[in-house]
Number of protein chains: 2
Amino acid sequence: MARHKAFDEDRALDLAVDCFWHRGYEGTSVRDLAESMGIGSASLYNAYGDKRALFTRSLERYANRSMRERIARLEANHQSKEAIVAFIAEIIDRSVKDPDRKGCLLVNSALDVAPHDREIGKVVGRYLGEIRAFFHRNLTAARRAGRLPKRLDLEETSDHLLGVLLGIRVLARTGARRKLLEGVAQPALDLLETRQ
Amino acid sequence: MARHKAFDEDRALDLAVDCFWHRGYEGTSVRDLAESMGIGSASLYNAYGDKRALFTRSLERYANRSMRERIARLEANHQSKEAIVAFIAEIIDRSVKDPDRKGCLLVNSALDVAPHDREIGKVVGRYLGEIRAFFHRNLTAARRAGRLPKRLDLEETSDHLLGVLLGIRVLARTGARRKLLEGVAQPALDLLETRQ
DNA sequence: ACTTATTTGGAACGAACGCTACAAAATAGA
DNA sequence: TCTATTTTGTAGCGTTCGTTCCAAATAAGT
């Protein structure tokens, strides 16, 4: 009854993610997006709404494919404490190996667009909350398994791990060396060991 | 022999800092700047060069009046270890009390503009290095005074404190509560005490 | 084949962007 | 008072912004 789309909507969305990731929300124009996605602006507006709507869909796509995928994979393949250690290690490794130093789209957005857009700010806050929940969930499991220092405050440690992660992401974007990022992380990881 | 400026160049620069701080580099237009500074665009270009030059001067002004002032004041009024604790406490306090949640201009710039401008990126990196140097300098003094745990690695701890500070700044910009920010900071501060 | 519904490329909209041109206004030395 | 030099307000330069319009193209049901 009607013409079909000539492009894969999800694949194009991935390309939009790359755009926003590289240049930020303000720094990315609709023309940039359309060209990178390989479609015309009419198709873009028809499929995704306006620039802001495309951005929130890009954020969601990124969260699902990057953050949630990582959390699910690490929790499937590692025990609680090791999942946390592997999470931090993977972030550092990917950060220093990324030649573009893009950092994390969620963190970049937290500083860039969240303060000027209450709704997007809430969304970003929820995603960061999911990362904290990952830490807290695995800390709780590790505590139940008797693998954490007795006096460790799990709420406080969850906050701390989240903060350390964000600090790493910021420093990574400025081009910091691996040694610095590992220095940021190490004391936080030491908290999880009984004998430091 | 020539007409005088009708505005205070430093005072106008402070107003430019507020502009960039509120809305970021890309989000601030030259018209925004001129209006906030209370001058015409001709005066702006005559006094500061172009938008980018005004931004680097704003960064420098911010670093001098905010970061360096704080470091100098705390080092003058506190002993080494207490200067570090007071630094973190002051950042948290100012963060939660700022109704605009502007965070730190240097950190915002580190994520926003530094990745797209090599020269500004280096400048921002140097400023962050000064903060790390503040931590390292006072850790060294505290060590000499025998007021730090014997096994504490000062390089690693300096990195860690810097990362924690940046994490706090990011979370503050998203509107985090005081309890979360203090949770991020507390384990880092505990590192400095022999009996935790 | 005709109708109906959707997508597509391309042109163009008004608004905002960074920046500049220019002449009037203001100062101080001659 | 005249000259030289700088600052100021204003208007507007060319470009790019997000977005929309529209006719041609494409599909499926009748």
Side-chain angles (χ1 to χ4, degrees), chain A residues 1-59 108-109 112-120, chain B residues 1-59 108-109 112-120:
Chain A
M1 210 177 182
R3 182 173 173 176
H4 295 162
K5 273 198 176 62
F7 67 96
D8 181 330
E9 212 166 309
D10 281 337
R11 167 149 185 72
L13 188 54
D14 282 331
L15 296 167
V17 168
D18 285 339
C19 252
F20 285 125
W21 202 356
H22 264 98
R23 298 191 271 274
Y25 180 76
E26 299 269 13
T28 305
S29 73
V30 176
R31 284 166 181 82
D32 285 340
L33 287 164
E35 190 183 356
S36 299
M37 298 162 80
I39 62 179
S41 68
S43 299
L44 190 155
Y45 278 88
N46 178 58
Y48 304 97
D50 60 6
K51 182 187 178 185
R52 185 176 174 282
L54 175 56
F55 181 72
T56 60
R57 288 201 50 184
S58 297
L59 269 187
N108 301 350
S109 305
D112 235 48
V113 346
H116 308 101
D117 190 313
R118 205 172 205 93
E119 198 179 341
I120 291 182
Chain B
M1 209 177 183
R3 182 172 172 178
H4 296 159
K5 273 197 177 63
F7 67 98
D8 181 331
E9 213 167 309
D10 281 337
R11 166 148 186 74
L13 188 55
D14 282 332
L15 296 166
V17 168
D18 286 338
C19 251
F20 285 126
W21 202 357
H22 263 98
R23 298 192 273 275
Y25 181 76
E26 299 268 14
T28 305
S29 74
V30 176
R31 283 167 180 83
D32 285 339
L33 288 164
E35 191 183 355
S36 300
M37 297 163 80
I39 61 178
S41 68
S43 300
L44 190 154
Y45 279 89
N46 178 58
Y48 305 97
D50 60 7
K51 181 187 176 185
R52 186 175 173 283
L54 175 56
F55 181 71
T56 60
R57 288 203 46 183
S58 298
L59 269 187
N108 301 351
S109 304
D112 237 51
V113 347
H116 307 103
D117 191 313
R118 205 172 206 92
E119 197 179 341
I120 292 182

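Reminder, nothing fancy here: chain letters follow the sequence lines and each chain counts from 1.
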Fill in the blank from the handout: Quick note, B:N46 side chain, CB onward, closest among C:dC19, D:dC21, D:dT8 is D:dT8
Handout entry: Donor-acceptor contact below 3.5 Å, side chain B:D18 vs main chain B:L15
Key = no
Problem - N/O (side chain, A:S43) to phosphate O (OP1/OP2, C:dT8) under 4.0 Å - result: yes
Handout entry: Given C:dG18, D:dG18, C:dG10, the nucleotide with the shortest approach to the side chain of A:S41
Key = C:dG10
Exercise for the section: Could you check whether A:V30 gets within reach of a base, just the sugar-phosphate, or nothing at all, counting any heavy atom under 4.0 Å? Expected result: base
Practice task
Look at the side chain of B:R3 against the base of C:dA25 and say whether a donor-acceptor pair falls under 3.5 Å; ignore hydrogens and angles.
Solution key: yes
Exercise for the section: Measure from the side-chain heavy atoms of B:K51 and tell me the nearest of C:dG18, D:dT19, D:dT5. Expected result: C:dG18
Practice task
Establish, yes or no, whether the cationic atom of A:K51 lies under 6.0 Å from the six-membered ring centre of A:F20 and within 45° of the ring axis.
Solution key: no
Handout entry: Nearest-Å distance for atom pair CG/P, residues B:L33 and C:dA16
Key = 16 Å
Practice task
Between A:G40 and B:D50, just flag the one whose closest nucleotide in DNA chain C comes earlier from the 5' side.
Solution key: A:G40
Problem - Among A:L13, A:D14, A:L54, the one residue meeting side-chain contact (heavy atoms from CB on, under 4.5 Å) with A:M37 - result: A:L54
Handout entry: Spatial distance of atom OG (B:S109) from atom CG (B:L59) [nearest 0.5 Å]
Key = 4.5 Å
Exercise for the section: Would you tell me if any nitrogen or oxygen in the side chain of B:H4 comes within less than 4.0 Å of OP1 or OP2 on C:dA28? Expected result: yes
Practice task
Please state whether the phosphate of C:dC17, meaning OP1 or OP2, lies under 4.0 angstrom from any side-chain nitrogen or oxygen of B:S29.
Solution key: yes
Problem - Integer-rounded Å distance: C:dC17 C1' and B:L54 CG - result: 16 Å
Problem - Options C:dG9, D:dT8, D:dT5, nucleotide nearest the side-chain atoms of B:A42 - result: D:dT8
Exercise for the section: Measure from the side chain of A:A2, starting at C-beta and using heavy atoms only, and say which of C:dC19, C:dT6, D:dT20 lies closest. Expected result: C:dT6
Practice task
Under 4.0 Å between any heavy atoms, over every strand shown, what does A:A47 touch: base, sugar-phosphate, or nothing? Just pick one.
Solution key: nothing
